[in-house]
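Here's the structure we're looking at; comments come further down.
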Amino acid sequence: MENKLLLWDIDGTLMSCYRDGTIAMNETFRRRTGHANACGEVIVGTSMDSALVDSIMEKFGIPREEKENIIGEFAVILKETVENNNTKKVLPGVKDILDILSGYENIYMGLITSNFRLGAEIKLGSVGLNGYFEFGGFGDYPGEKWDAAEAAVEKAGQLAGKPFDRENIYVIGDTKYDVECAKKIGAKSIAVATGWMKYEDLEKTGADYLLKSLEDTGEFIRLICGTCP
């Protein structure tokens with residue numbers, strides 16, 4: 001079997017921790033500006049965390065040299081927020097799939113997320129999923145999600161010792177943004193209706209594959225590699 005690369009979204013795909021990222025971001029800026037809903041004060045769409053922070057800092061006139069400190073403060077608050085969230089969980093089927101696929105030498109798994117790398121590590125670490133991923137594209141990246149995805153693909157190629165064929169790259173996520181990301185980099189998209197978008201809405205995104213959940217681990221494994229001998 002040829003080398004295959006899976007790039008996983010986090011929130012709504014691998015795990016659920018409700019709106020902890022937004023809650024932590026708002027609290028970070030509340031402490032600096034007094035505004036309780038800083039994220040709601042700017043229009044960023046589906047931007048990466050770095051772009052979100054830039055927009056909020058510009059809105060409230062916070063000097064750019066403060067950005068590193070703000071990210072550090074956010075990480076501390078996010079960790080506290082996630083630790084206090086008793087409803088956070090790994091989504092059904094995810095752990096079994098990761099356990100199975102991590103056993104194959106020619107299957108590489110990374111992350112593609114709008115979260116800062118620190119935020120991603122905190123969220124995944126809170127539910128025991130950090131050990132499955134050694135590379136990825138993160139919200140620290142200055143561009144869009146697909147720009148970070150290209151960086152992740154390049155890193156994966158370095159680890160594998162050769163570039164991946166685009167037909168063997170999969171982006172797994174729960175939103176139209178993830179499907180768009182896959183299209184932008186010429187990869188296949190697997191949309192999973194376990195997050196904010198309903199199955200019926202994901203049907204309209206043109207995803208290559210559409211699943212209601214990852215509970216049927218056999219279905220997902222067959223989709224990726226047939227019988228995975």
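Residues take their numbers from the sequence shown, with the count starting at 1. Owing to the predicted nature of the structure, the values given are computational and were not obtained by experimental measurement. Hydrogens, waters and symmetry mates play no part in the numbers below; they use all other heavy atoms, side chains included.
With sequence neighbours excluded, no residue forms a ring-ring contact (aromatic ring centres under 6.0 Å, His included) with Y132. Applying the side chain to side chain contact (heavy atoms under 4.5 Å, CB included) test to A120 and every residue at least two apart in sequence or in another chain returns I10, T113, N115, F138. Legend: residues meeting side chain to side chain donor-acceptor pair (under 3.5 Å) with D9, ordered by chain and number and at least two apart, are T13, K145. Every residue was checked against the side chain to side chain donor-acceptor pair (under 3.5 Å) condition with K184, not counting sequence neighbours, and none meets it.
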For I169 and K4, what are the C-alpha separation, side-chain angles and deciding distance, and is it a side chain to side chain contact (heavy atoms under 4.5 Å, CB included)? CA-CA 6 Å; I169 301 174; K4 299 204 173 186; over 6 Å; no
What do the steps show when you test D11 against K123 for side chain to side chain contact (heavy atoms under 4.5 Å, CB included), and what is the final call? CA-CA 9 Å; D11 299 291; K123 288 181 179 180; 3.0 Å; yes
Using the rule given for salt bridge (charged side-chain N to carboxylate O under 4.0 Å, His left out), can you reason through K79 versus E73, listing the C-alpha separation, both sets of side-chain angles and the distance that settles it, and then say yes or no? CA-CA 10 Å; K79 191 172 190 301; E73 292 169 14; over 6 Å; no
Would D208 and I190 count as a side chain to side chain contact (heavy atoms under 4.5 Å, CB included) here? Give the steps. CA-CA 6 Å; D208 294 293; I190 302 176; over 6 Å; no
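The distance from atom CD of E83 to atom CG of N86, rounded to the nearest 0.5 Å, is 11.5 Å. Remark: S50 OG to I71 CD1 distance equals 6.0 Å, nearest 0.5 Å. Distance check: L111 CG to L129 CG gives 9.5 Å after rounding to the nearest 0.5 Å. The distance from the NZ atom of K183 to the OG atom of S189 is 6.5 Å, given to the nearest 0.5 Å. Summarising the geometry, atom CD belonging to E134 is positioned 7.5 Å from atom NZ belonging to K155; distances are rounded to the nearest 0.5 Å. Rounded to the nearest 0.5 Å, atoms OG1 (T217) and CG (L214) are 9.5 Å apart.
When ring centroids are compared, Y108 and F164 come within the 6.0 Å threshold. Annotation: F220 is in aromatic contact with W8 [ring centroid separation under 6.0 Å].
Between the side chain of D216 and the main chain of E219, a donor-acceptor pair closer than 3.5 Å is present. Within the 3.5 Å criterion, the main-chain N or O of G139 finds no donor-acceptor partner in the side chain of D49. For the pair R117 (side chain) and D140 (backbone), a donor-acceptor distance under 3.5 Å is absent. Side-chain atoms of T194 come within 3.5 Å of backbone atoms of G12 as a donor-acceptor pair (strictly under, hydrogens ignored).
One finds a salt bridge joining D54 and K67 here, because a Lys/Arg side-chain nitrogen approaches an Asp/Glu carboxylate oxygen to under 4.0 Å. Using a cutoff of 4.0 Å between basic side-chain nitrogens and carboxylate oxygens, E180 and K176 are not scored as salt-bridged. Looking at K212 and E200, no side-chain N of the basic residue comes within less than 4.0 Å of a carboxylate O on the acidic one, giving no salt bridge. A salt bridge does not link R64 to E58: none of the charged side-chain nitrogens sits closer than 4.0 Å to a carboxylate oxygen.
Through side-chain heavy atoms spaced under 4.5 Å, either directly or across other Ile, Leu, Val, Met, Phe, Trp or Tyr residues, L202 is tied to M197, Y199, L210.
In this structure, T28 and L78 have side chains that are not in contact, with every pair of non-hydrogen atoms separated by 4.5 Å or more. N106 has its side chain out of reach of E2: every pair of non-hydrogen atoms, C-beta onward, lies at least 4.5 Å apart. F135 has its side chain within reach of L7: a pair of non-hydrogen atoms, C-beta onward, lies under 4.5 Å apart.
Hydrophobic clustering of Ile, Leu, Val, Met, Phe, Trp and Tyr side chains at less than 4.5 Å, counting indirect connections, keeps V76 apart from M57.
Inspection of the N85 and D20 side chains reveals an N or O donor paired with an N or O acceptor under 3.5 Å.
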Only pairs under 3.5 Å count here: list side-chain donor-acceptor contacts from residues 34-41, not counting sequence neighbours, and write none if there are none.
residue, atom, partner, partner atom, Å
N37, OD1, N26, ND2, 3.3
N37, OD1, G40, N, 3.3

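Under the 30°/60° scheme for interplanar angles, the aromatic rings of Y177 and W146 are found to stand perpendicular.
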